[in-house]
Each structure stands twice: as structure tokens, then as C-alpha cells.
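These notes are about the structure you will find just below.
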Amino acid sequence: MYKHKIFFLIGCPRTGSTYLYNILKKNPEINLLPKENHFFLSKNIFKKKNYFDSPKYLLNKSMDYYLSKLELDKVNYDINTLYFYDLKALKKIKKNFPNSIFFCFLRDPAERHLSHSLTQIKKYYLYKDLGDFNFPITDFSNLQKSMAFSNEMLSFSNYEYYKKLIKKNNIKCKYWSYDDLFKNKKNYINFLKSIKIYNFDKKFDYLKYS
């Protein structure tokens with residue numbers, strides 16, 4: 001077991017984790033690990049390969065490698081929106097870092113689906129000229145084929161199931177509503193203070209940083 005204190009944001013995708021990451025990385029008083037590094041991820045969460053990003057910390061690296069990225073004299077933050085669905089990963093984190101704290105953003109499944117689909121469209125138009133983003137935009141004429149309407153994220157929206165599984169295994173996690181946070185500046189500032197973040201830009205510009 002290690003003494004490091006780590007705040008883990010464990011989910012879910014398309015719930016504001018990028019916005020939080022961009023706030024955290026501006027703060028020199030904390031230690032922020034690369035976003036979605038997947039170090040503890042024990043399985044391929046999504047069936048389709050394109051949903052599983054290449055980890056920034058390779059999965060076969062040793063624990064010593066992960067420890068080298070942490071700092072004892074700072075609060076460490078690790079953001080991974082797939083750990084919510086991976087009980088084995090959460091149990092490993094709890095075993096190795098008993099001082100760790102888990103929190104999770106939750107959002108209406110339909111809104112998450114729409115947000116993801118719009119992001120895919122935006123990426124297509126931004127990067128299509130570079131030839132490194134293949135999005136079948138013509139498939140919008142066929143709803144059965146379209147990526148936007150076959151989003152696997154919808155099948156990972158059974159929040160109550162995962163919450164009960166986490167609770168059953170004695171993993172304490174604080175859950176936050178996306179709507180309560182991002183539609184209310186006061187709530188978001190209080191949330192930041194609850195995870196020990198006191199120095200941040202008071203300007204509330206979600207669209208710019210998300």
C-alpha cells in the first residue's frame with residue numbers, strides 16, 4: 001500500500017471531464033496525470049476498437065512507473081472515464097492507494113449520446129483534410145449504418161447497476177450530476193473546493209475548455 005493521495009474521476013464519458021482537466025492543468029499546486037492514461041484498466045471496455053484509446057501510460061508498465069508520476073507533497077489527480085465500468089481496476093486502485101478518493105460525473109444518457117455524436121461530426125469537419133479522421137458522414141442518410149445512431153455509449157448508461165456494484169465492494173464514491181454542475185456556476189465552484197481546488201479562473205466558460 002502507498003501513502004499517495006489521489007483523486008480519481010472515474011466517469012462517465014461526455015460528462016465534463018475534459019473541462020475539469022483543463023482547469024486542473026492550470027494549477028501548479030497539484031499534480032495532474034495525463035488524461036485517460038488507462039494504467040489500471042483491466043479490459044477493453046468497448047467492443048469496437050476505435051473506442052479504446054491507446055494509453056498514455058502503457059498497460060504493461062510496472063507500478064514503479066506509475067509511482068514515478070506521483071508526488072507525495074501534492075494532491076494527485078487521475079482522470080479516467082472508463083474506470084466506472086471496471087470494478088477490477090477500482091479494487092486494484094483501492095488496494096494500492098487506500099487514501100485515494102473517487103468521484104464520478106453522471107449525465108442523462110441521451111444527452112451523452114448527442115454530445116458524442118456532435119463531437120464526431122465536429123472532428124470530421126476539422127480533420128478530414130488531413131486524412132487522419134475517417135468519419136462516414138454520408139451514412140447520415142442511413143440511420144441504421146450511421147455511427148451517430150449506433151453509439152455504444154448508450155449501452156453503458158445503466159448507472160444504478162454500476163453504482164450498486166461499486167458500493168457492494170466497499171468502494172466509496174461521490175456522484176455529481178452534470179446538470180447541477182455545469183448549469184450552475186456556484187455549484188461548480190463549490191464542487192472544485194470539495195476536491196481541494198481553491199485557485200482557479202472564476203470565469204465560467206464551459207464551451208471554451210470542454
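Everything numeric here is computed off the predicted structure, so don't read it as measured data.
- For the atom pair OH (Tyr178) and CD (Glu111), the distance works out to 7.0 Å, reported to the nearest 0.5 Å.
- Using cut-offs of 30° and 60° for the angle between ring planes, the Tyr162 and Phe84 rings count as tilted.
- Heavy-atom minimum distance, Lys186 versus Asn184: N-OD1, 3.0 Å.
- With hydrogens and angles disregarded, a donor-acceptor distance shorter than 3.5 Å links the side chain of Asp86 to the backbone of Ser42.
- The only member of Phe39, Phe97, Phe7, Tyr66 that meets side-chain contact (heavy atoms from CB on, under 4.5 Å) when paired with Asp78 is Tyr66.
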Anything under 3.5 Å between a donor and an acceptor, one on a side chain of residues 165-174, the other on a protein residue two or more places apart or in another chain? List them.
| residue | atom | partner | partner atom | Å |
| --- | --- | --- | --- | --- |
| Asn169 | ND2 | Leu165 | O | 2.8 |

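- Proximity of the aromatic rings of Tyr19 and Tyr188 is defined here by a centroid distance below 6.0 angstrom, and this criterion is met.
- Residues satisfying the salt bridge (charged side-chain N to carboxylate O under 4.0 Å, His left out) test with Lys5, not counting sequence neighbours, are none.
- Atom CH2 in Trp176 sits 12.0 Å away from atom CG in Leu106 (nearest 0.5 Å).
- No continuous path of hydrophobic side-chain contacts links Ile93 to Leu72 [ILVMFWY only; heavy atoms under 4.5 Å].
- Rounded to the nearest 0.5 Å, atoms CG (Leu33) and CG (Leu70) are 5.5 Å apart.
- Rounding to the nearest 0.5 angstrom, the gap separating the CZ atom in Phe105 from the CG atom in Leu181 is 5.5 Å.
- Side-chain contact between Leu24 and Ile79: present, with at least one pair of heavy atoms (C-beta onward) separated by less than 4.5 Å.
- Pairing each heavy atom of Asn99 with each of His4, the nearest pair is CB-O, 3.8 Å.
- In this structure, Leu82 and Asn80 approach most closely via the heavy-atom pair N-OD1, 2.9 Å.
- Taking 4.5 Å as the limit, some side-chain heavy atom of Leu20 sits within range of a side-chain heavy atom of Leu192.
- Side-chain contact between Arg112 and Pro13 is present, with at least one heavy-atom pair separated by less than 4.5 Å.
- A donor-acceptor contact shorter than 3.5 Å is absent between the side chain of Lys74 and the backbone of Leu32.
- Heavy-atom contacts from other residues, nucleotides or ligands closer than 6.0 Å to NZ of Lys91 number 12 or fewer.
- Side chain of Asn76 to main chain of Glu71: a donor-acceptor pair is present (N/O by atom type, distance under 3.5 Å, no hydrogens or angles).
- Considering all non-hydrogen atoms of both residues, Tyr85 and Thr81 come closest at CE1-O, 3.8 Å.
- Hydrophobic clustering, with ILVMFWY side chains joined whenever heavy atoms are under 4.5 angstrom apart, groups Met63 together with Tyr83.
- In this structure, the side chain of Asn96 engages the main chain of Lys92 through a donor-acceptor pair within 3.5 Å.
- Separation of the Tyr159 and Tyr175 ring centroids does not fall under the 6.0 Å cut-off.
- Note that CD of Glu36 is 6.0 Å distant from OG of Ser17, once rounded to the nearest 0.5 Å.
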